Amino acid sequence: MITLAEGLRLPTNGLDYTILAIYFIVVLGIGFAARRSVKTSLDFFLSGRSLPAWVTGLAFVAANLGATEILGMAANGAQYGIYTVHWYWVGAIPAMVFLGLVMMPFYYGSKVRSVPEFLLHRFGPSSHLLSSIIFAVSSVLIAGVNLYAMALVLQALLGWPQWVAIVVAGLFVLAYITIGGLSSAIYNEVLQFFVILAALVPLTILGLKRVGGWGGLSDKLTHSHGDAFMTAWQGTGIGHPNPLGANWLTIVLGLGFVMSFGYWTTNFAEVQRALSAKNLSAAKRTPLIAAFPKILIPAVVVVPGLIALALEPTLGKTKGGLQYNDAIPVLMRDLLPNGVLGIAVTGLLAAFMAGMAANVSSFNTVFTNDIWAAYVKKGRPDSYYLKTGRVVTAVGVLIGMGTAFIAGSFSNIMNYLQTLFSFFNVPLFVVFIIGMFWKRTTAAAGFWGLLAGTVGAMVNYFWLYKGGVIDIPSDQGANFVSSIVAFVLGAVVMFLVTMFTKPKSAESLAGLVYGTRSPGMEELPAEGDDAWYRKPALLGWGAIALAVICYIPFSL
């Protein structure tokens, strides 16, 4: 079970609860303000494709910065040390740049409303329906993770019963998405991004001051955990044991390529933010703008985990004591005064709600457009699908509340999430990447490659790893291996099936395969989008260069 230790109750007072109440009022106010712009299903599901790049870019990074990541990555920082930065600088930035520069022209230019809809055009209804079902299931499971983790935090910190926390947060997310659609979710995510930073930055600053700055922190943890603990690559040679249970090859291929690209380029909870941008140039810039704050997120997520370990050396040492998941709550309890404490609690709650809202808003879009409208109720008026989207939002929140407790069977939040990504996102990525760059790939190959990759990842994890057939040092290492298995098996099956089936005509692939262009695809940026600092290629290469520079101090 994912649990937080006893004794973490925060000394909150009326000021802290007032800050929390103000936040809830503002959230609902944004929902009502956004309602005026929701007149069609496109407005509800994709904000009418009208939002500027800076808004969609901040929403893009906030949708990923859920409290599961905050708690989980701080826990990983305390458990694995600087190794955790790989999830950002290898496991996010290259894939985000690839999404912006290579894949967004296909997504946005083809005018699809979802990631599965792109598969409908490229591979046909079989792959479309399978991917829609897989994504709908994974969305509510991940939404449930956010709800369950939030319930545990509020129970430990504020004394709220788990079911109260689940119902309160779930109903607020339901209210502002149902009222204002994706616009409400996105503008709330922009607000939540700054609230989250307001919660985490004081923890980093006050924590570093308490341990004697970065030098004091590094010296203390190096002395207690060895030289490799504060470096990114030391000890990752093949055959060398390390706490992460992974070597440089599985980090680069499993995390940096397969899992990372699988998540960032095909996860509709993220891609949906870019699809709501006002034009192709803004859509391409959305993940690139998000990449810059993403590079710096370890400073307010991973570093607090290291600080917590330095201040509480018993963290994770005893079964009944403080655990790695307690890193952020421990710092909140020990470092923050009232008022700032209220902001921190509000920031955690905002992070949970951002993560849940991203998955619920993507769930209602995929279920309504790619399952209900495509296969159950075809050809109905637009108003019918707008109403259906609101009903499906309520259903998604309720299912998320139910699946919240599935997360309790896993011992670590991030392990659970990474397991889901290896099952669902990686097989989707292999189908996308091969279908997008190889014209010969057939519709049957897309379906069987997606199915084979999903089944292969599950077999590797549940039978080979959990069954003890193969020895992998950690759950995270097993997830890296499952991702590689899913990618390789899916690719092999796609190649073999393609050789024995008939491809689509070249005309039907226009705008769906690299090197082709459909007549409707935009070529020129909108007026004002051609300034040098808005050029996607410059933003993309700048993000990669900054990530490489960040690695240098931790690689010497």
Side-chain angles (χ1 to χ4, degrees), residues 1-3 68-69 71-73 75-76 78-80 83-84 86-87 91 130 133-135 137-146 148-149 152 236 238-247 249-260 262-263 267 316 319 323-325 402-430 449-493:
M1 294 285 288
I2 302 170
T3 58
T68 48
E69 173 170 351
L71 293 179
M73 287 303 178
N76 281 353
Q79 185 173 1
Y80 304 128
Y83 288 130
T84 310
H86 293 312
W87 269 270
L130 178 60
I133 293 172
I134 287 175
F135 181 80
V137 171
S138 65
S139 293
V140 293
L141 285 174
I142 296 171
V145 178
N146 280 279
Y148 183 79
L152 288 174
T236 60
I238 296 176
H240 293 183
N242 61 68
L244 190 59
N247 55 53
L249 187 62
T250 54
I251 290 172
V252 172
L253 292 182
L255 174 63
F257 175 59
V258 180
M259 289 190 76
S260 171
Y263 175 81
N267 183 12
K319 190 171 183 180
Q323 302 301 309
Y324 293 118
N325 283 331
T403 60
F405 296 96
I406 296 178
S409 63
F410 282 73
S411 61
N412 181 286
I413 292 173
M414 290 309 298
N415 287 349
Y416 179 56
L417 289 176
Q418 298 291 329
T419 300
L420 292 179
F421 296 155
S422 68
F423 290 170
F424 300 130
N425 291 99
V426 173
L428 194 58
F429 171 63
V430 69
L450 181 59
L451 185 61
T454 303
V455 173
M458 291 181 175
V459 167
N460 178 77
Y461 187 85
F462 290 116
W463 181 42
L464 298 181
Y465 169 59
K466 289 293 187 181
V469 178
I470 58 176
D471 181 29
I472 303 176
S474 68
D475 286 345
Q476 291 288 13
N479 290 332
F480 296 165
V481 174
S482 294
S483 299
I484 295 173
V485 169
F487 186 89
V488 173
L489 184 60
V492 169
V493 169

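Fair warning: this is a prediction, and the values are worked out from it, not measured in the lab. Both backbone and side-chain heavy atoms feed into the values below; hydrogens, waters and symmetry mates do not.
- Evaluated for a side chain to side chain contact (heavy atoms under 4.5 Å, CB included) with V258, the options S482, S483, S422 yield exactly one hit, S483.
- Across F429 and G262, no two heavy atoms sit closer than the pair CB-CA, 3.3 Å.
- Using bins of under 30°, 30° to 60° and over 60° for the plane-to-plane angle, the ring pair F423/Y461 lands in the perpendicular bin.
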(message) The test is side-chain contact (heavy atoms from CB on, under 4.5 Å); show your working for L428 and I134 and say whether it passes.
(response) CA-CA 9 Å; L428 194 58; I134 287 175; over 6 Å; no
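- For the pair Y80 and Y83, the tightest heavy-atom approach, listed with the atom from each and the gap, is O-CD1, 3.1 Å.
- Classification of the W87-F480 ring pair by plane angle, with boundaries at 30° and 60°, yields tilted.
- Considering all non-hydrogen atoms of both residues, V426 and F487 come closest at CG1-N, 3.9 Å.
- Once rounded to the nearest 0.5 Å, the distance linking OG1 of T454 with CG of N425 reads 9.5 Å.
- What you find for S260 and G91 is that their closest heavy atoms are OG-O, 2.9 Å.
- Summarising the geometry, atom CG belonging to N76 is positioned 11.0 Å from atom CG belonging to L71; distances are rounded to the nearest 0.5 Å.
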